[in-house]
Amino acid sequence: MSERRRIIRFAIVGLGVAGYYMLAYLGLLRVFHSPWIANALAFGSAILIQYIGQTVWTFGQALVVPAQFGRFLCMVGIGLLVSAAITGLAGPRFGLSEAASAAVVVVVLPVINFAFLRLWVYKPQNST
C-alpha cells in the first residue's frame, strides 16, 4: 500500500474514532450522569476501536499480537502526556487560549501518533 493511501486511511480511522468518542461520551453522560464514568467508558472503547481500525485497515497487521497492543497502549500514554504538556504547560506559558492550545494538540498529536504507529508499533520485529 502506498504511504499516501495509508495516511488517508489513518485520517479516516482517526476522524471516525473521534466522532464515535463524542457520540459515546454524550450518550453515556445521559445514562450515568457522571462525566468521569462517561469519559472512561467512551475513551476506553474508542482506544479499542482505534486499535482495531489502525491495525487491520490502515497497517494491515494481525490483530491479536500482545507486544504490538502493548506498544499501542504506550503510544496512547505518550499522546496523553504530550497533550497534557501542550494544554497545561506550553499553551499557558506562551499565552495561548484553551481553544488555541487544543488546536495545537489536534494538529501535533496525529503526526506524532502516525510516526509512532509507522516506526514502532507496527514495525516488523526480527525473529532472531
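Taking 4.5 Å as the limit, every side-chain heavy atom of Tyr21 sits out of range of all side-chain heavy atoms of Ser45.
The OG1 atom of Thr58 lies 9.0 Å from the CD atom of Gln50; values are rounded to the nearest 0.5 Å.
Counting only residues at least two apart or on different chains, no side chain to side chain donor-acceptor pair (under 3.5 Å) pair has a member in residues 28-37.
Under the side chain to side chain contact (heavy atoms under 4.5 Å, CB included) criterion, Ile112 pairs with Val82, Val108, Phe116, sequence neighbours left out. Partners of Arg6 by salt bridge (Lys or Arg N to Asp or Glu O under 4.0 Å), not counting sequence neighbours, listed by chain and number: Glu3. Annotation: side chain to side chain contact (heavy atoms under 4.5 Å, CB included) contacts of Ala100 (sequence neighbours excluded): Leu96, Ser97. Remark: Leu26 engages Met22 in a side chain to side chain contact (heavy atoms under 4.5 Å, CB included) (not counting sequence neighbours). Under the side chain to side chain contact (heavy atoms under 4.5 Å, CB included) criterion, Pro110 pairs with Phe10, not counting sequence neighbours. For Thr55, the side-chain hydrogen bond (donor to acceptor under 3.5 Å, both in side chains) partners are Tyr122, not counting sequence neighbours.
Through chains of ILVMFWY side-chain contacts below 4.5 Å, Leu28 is grouped with Val31, Phe32, Ile37, Leu41. Cluster partners of Met1, using a side-chain heavy-atom cutoff of under 4.5 Å among ILVMFWY residues and allowing indirect links: none. Side-chain contacts under 4.5 Å among hydrophobic residues (ILVMFWY), followed directly or transitively, place Val17 together with Ile8, Ile12, Val13, Tyr20, Ile49, Trp57.
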May I have the list of side-chain donor-acceptor pairs in residues 83-93 shorter than 3.5 Å, sequence neighbours left out?
from: Ser83; atom 1: OG; to: Gly79; atom 2: O; distance (Å): 3.2
from: Ser83; atom 1: OG; to: Leu80; atom 2: O; distance (Å): 3.0
from: Thr87; atom 1: OG1; to: Ser83; atom 2: O; distance (Å): 2.9

Throw together a table of side-chain donor-acceptor distances under 3.5 angstrom for residues 59-70, partners on residues two or more places apart or in other chains.
from: Gln61; atom 1: NE2; to: Phe59; atom 2: O; distance (Å): 3.2
from: Gln68; atom 1: NE2; to: Tyr51; atom 2: OH; distance (Å): 2.9
from: Gln68; atom 1: NE2; to: Ala62; atom 2: O; distance (Å): 2.9

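Ile7 and Trp120 fall within a single hydrophobic cluster, where Ile, Leu, Val, Met, Phe, Trp and Tyr are joined by side-chain heavy atoms under 4.5 Å apart, directly or via other members. Note on Phe43 and Leu23: separate hydrophobic clusters, where clusters join Ile, Leu, Val, Met, Phe, Trp and Tyr whose side-chain heavy atoms are under 4.5 Å apart, directly or indirectly. Under the 4.5 Å side-chain contact rule for hydrophobic residues, Leu73 and Val56 share a cluster. At a threshold of 4.5 Å between side-chain heavy atoms, the hydrophobic network of Ile, Leu, Val, Met, Phe, Trp and Tyr places Met75 and Val106 in two separate groups.
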